[in-house]
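Working notes, beginning with the structure itself.
Source: prediction; values computed, not measured.
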Amino acid sequence: MTILNKAFYEIGTLKVAQALIGKKLIRQIGGIELSGMIVETEAYCGSKDSACHAHRGKTNRNSVMFGPPGHAYVYFTYGMHYLLNTVTETQGNPCAVLIRAILPVDGLEEMEARRKRKGRELTNGPAKLCQALEIDKSFNGWDLTAGDKLWVEGYKKIPAKLISATPRIGIDYATEKHRNAPWRFVIKA
DNA sequence: CTCTCGATGTTCT
DNA sequence: GAACATCGAGAGG
């Protein structure tokens, strides 16, 4: 399958968030390949979005979002969790898409070992999938279009009818307008 | 099943 | 010093 290129990440943050549903996230550790189909994402639309980290301007933490599209923005939160985003839009426009959940495809047992858990609890949350795929701060700024260690490929075509848009999770700090914006995309059950 | 609450440390005010 | 794009254990129905 083809690795998603830089142009894919430039088509618009909301479109990327929707288009990432059904794609395959791949993590190579040594000779082993762990992967999963993306089933839930959220769009964070730059300086005008009060839920986005870049809302208050460039800081040390969010500087990767100001860089080129197609790179990973990984940050640490709640004192114990990493979250994975893909940078979108053209360089200098600080937007990103948060990967919130995947369905395991390859390397199920490896993920179970890292998570010390099985089944639904394996990768159904943004911090859970990072733990399952061993993604940490060292991937902040990683080029996702190079096909090394961590990247995203085409996988399944999901009809728009099967994708629902809902408000984003865990952003009580944002303004009402942005709290209610339907910028979270999920495959319908 | 649902709800509440504590963990834990980096970042920003 | 407060807040945080979360998770999981434990209590209760």
In whole angstroms, how far is the [atom2] atom of [N] from the [atom1] atom of [X]?
| X | N | atom1 | atom2 | value |
| --- | --- | --- | --- | --- |
| A/R168 | C/dA5 | CZ | P | 11 Å |
| A/R179 | C/dA5 | CZ | P | 14 Å |
| A/Q131 | B/dA7 | CD | P | 19 Å |
| A/H53 | C/dA3 | NE2 | P | 15 Å |
| A/H81 | C/dA3 | NE2 | C1' | 15 Å |
| A/L129 | C/dT6 | CG | C1' | 12 Å |
| A/R117 | C/dC7 | CZ | C1' | 9 Å |
| A/D172 | C/dA2 | CG | P | 19 Å |

**Request:** State whether A/R100 places a side-chain N or O below 4.0 Å from either non-bridging phosphate oxygen (OP1 or OP2) of C/dT6.
**Result:**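 Yes, because at least one side-chain N or O of A/R100 sits under 4.0 Å from OP1 or OP2 of C/dT6.
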
**Asked** Any sub-3.5 Å donor-acceptor pair from A/R184's side-chain atoms to A/E40's backbone N or O?
**Response**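 Checking the backbone N and O of A/E40 against the side chain of A/R184, no donor-acceptor pair under 3.5 Å is found.
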
**Item:** Atom NZ of A/K161: over 12 foreign heavy atoms under 6.0 Å
**Value:**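 At most 12 heavy atoms, drawn from other residues, nucleotides or ligands, come within 6.0 Å of this atom.
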
**Prompt:** With a cut-off of 6.0 Å (strictly less than), are more than 12 heavy atoms of other residues, nucleotides or ligands near CZ of A/R179?
**Reply:**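 Counting other residues, nucleotides and ligands, CZ of A/R179 exceeds 12 neighbours.
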
Can you tell me how far [atom2] of [Y] sits from [atom1] of [X], rounded to the nearest 0.5 angstrom?
| X | Y | atom1 | atom2 | answer |
| --- | --- | --- | --- | --- |
| A/I38 | A/E153 | CD1 | CD | 11.0 Å |
| A/E89 | A/M65 | CD | CE | 12.0 Å |
| A/Q131 | A/L122 | CD | CG | 9.5 Å |
| A/L133 | A/I26 | CG | CD1 | 10.5 Å |
| A/I102 | A/T123 | CD1 | OG1 | 4.5 Å |

**Prompt:** In terms of side-chain geometry, is the basic nitrogen of A/E121 or A/R115 positioned less than 4.0 Å from the acidic oxygen of its partner?
**Reply:**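 Looking at A/E121 and A/R115, the cut-off is not met.
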
**Request:** Assign each of A/I169 and A/R115 to its nearest nucleotide of DNA chain C by heavy atoms, then name whichever residue's nucleotide is nearer the 5' end.
**Result:**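 The residue mapped nearer the 5' terminus is A/I169.
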
**Message:** Any base atoms under 4.0 Å from A/I171, or only sugar-phosphate, or nothing? Heavy atoms, all strands.
**Reply:**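 Sugar-phosphate, no base atom in range.
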
**Item:** Pairing annotation in dot-bracket form, given for DNA chain B with Watson-Crick or G-U pairs under 3.5 Å and | for cross-strand partners
**Value:** |||||||.||||.

**Complete:** With B for base contact, S for sugar-phosphate-only contact and - for none (protein heavy atoms under 4.0 Å), nucleotides 8-13 of chain B reads BBSSSS

